[in-house]
Amino acid sequence: MKLPLSYYSAQDVLFLAQDLLGKVLFTEINGEITAGIIVETEAYNGIYDKASHAYGGKRTDRTETLYSHGGISYVYLCYGIHHLFNVVTSVEDEPHAVLVRAIEPLIGTEIMENRRNMPASKAAISSGPGSAAKALGIDRSFNKKDLTGNEIWIEDHGIQYPSEDIVTGPRIGVAYAQEDALLPWRFFVKGNKYVSKPNII
DNA sequence: CACTTGATGTTCT
DNA sequence: GAACATCAAGTGA
């Protein structure tokens, strides 16, 4: 059930970003397990992508994680407040990553309600990358974790959305990336209420 | 409903 | 000093 390391080695980050929709993201913290179905992702295409932290081959202490082999997590702090969770894909020195932007709560919803201080009936509990990470209890201690380990991992529960329900569009919040901001590298499930921003075509 | 605003770490200028 | 892969609470219609 847990996705094997080989799954993350695929070098086509666009395929993986789409394929991760419907997969189930788990975390276990102090014995508390929470999980949610991934319903929204964005692809970041390594050194050729102006919206990527690794654009142009940039390496800093923070981005070093992106250059590892696929199958680990990349968590960083955005706007000084929010933790954003990414799946590092491809092989070593190919800094491709998939940002998880929204999940649908599946397991441990009461724990998520406590973390978010709002009822799970509100879509905002896990809509948007900062909220989804917080609902799962992800913070920077989850950076560079092995996704086949027992703290954070992804399972395949056989959930598959019909292709007509998978919608692509330009990525959110990357206007600074100029022409790359227009690339249709955001993938989400049509009509799912946990999807952030415009969720209709 | 649309818009405004405050919170504030990391990185680059 | 400024910009940034954001959120939630507030305002005013």
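Numbered from 1 within each chain, the chains take letters A, B, ... in sequence-line order. Predicted model only: the values in this text are computed from it and were never measured.
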In whole Å, I'd like the distance from the CG atom of A:D180 to the P atom of C:dC4. 15 Å
Please classify the nucleic acid contact of A:S127 as base, sugar-phosphate, or nothing, using heavy-atom distances under 4.0 Å. sugar-phosphate
Stretch residues 55-69 of chain A: residues that reach within less than 4.0 Å of DNA chain C through a heavy atom: none
Nearest-Å distance, NZ (A:K50) to C1' (C:dA3)? 17 Å
List the steps and the verdict of side chain to side chain donor-acceptor pair (under 3.5 Å) for A:Y7 and A:D156. CA-CA 11 Å; A:Y7 177 84; A:D156 186 350; over 6 Å; no
Please list all pairs meeting side chain to side chain donor-acceptor pair (under 3.5 Å) that have one or both residues in residues 75-92 of chain A, counting only residues at least two apart or in different chains. none
Taking atom P in both C:dA13 and B:dT5, compute the distance separating them and give it to the nearest angstrom. 15 Å
Under a 3.5 Å distance rule, please check whether A:S73 uses its side chain to pair with a backbone N or O of A:F142 as donor and acceptor. yes
Polar contact flag, side-chain donor to acceptor under 3.5 angstrom, A:D180-A:Y55: no
Treating A:R171 as the side-chain partner and A:A43 as the backbone partner, does any N or O pair qualify as donor plus acceptor under 3.5 Å? yes
Determine whether a donor-acceptor pair (N or O, by modelled atom type, separation under 3.5 Å) exists between the side chain of A:N30 and the backbone of A:E32. no
Using a cut-off of strictly less than 4.0 Å, decide whether A:S131 has a side-chain nitrogen or oxygen near OP1 or OP2 of C:dA8. yes
Span of DNA chain B engaged by chain A, first through last nucleotide within the 4.0 Å heavy-atom cut-off, is B:dA7 to B:dC12
Verify, without hydrogens or angle tests, whether A:E104 (side chain) and A:Y194 (backbone) share a donor-acceptor contact under 3.5 angstrom. no
ILVMFWY cluster, A:Y74 and A:V91 together (side-chain gap under 4.5 Å): no
Check every strand shown and say whether A:R101 touches a base, only sugar-phosphate, or nothing at a heavy-atom separation below 4.0 Å. sugar-phosphate
For the C1' atoms, the ones on B:dT10 and on C:dA8, what distance do you get once it is rounded to whole angstrom? 23 Å
Does A:E64, at its CD atom, have more than 12 non-hydrogen atoms belonging to other residues, nucleotides or ligands within less than 6.0 Å? yes
Whole-Å distance, A:Y79 OH to C:dA8 P, equals 15 Å
Complement of B:dT8, any strand, by Watson-Crick or G-U distances under 3.5 angstrom: none
Quick check on DNA chain B: between A:R140 and A:I81, whose nearest nucleotide comes earlier from the 5' end? A:I81
Mind calculating the distance between CZ (A:R116) and C1' (C:dT6) to the nearest angstrom? 11 Å
Just how far, in rounded Å, is C1' of C:dC7 from CZ of A:R115? 18 Å
Given atom CZ of A:F85 and atom P of C:dC7, what is their separation to the nearest angstrom? 16 Å
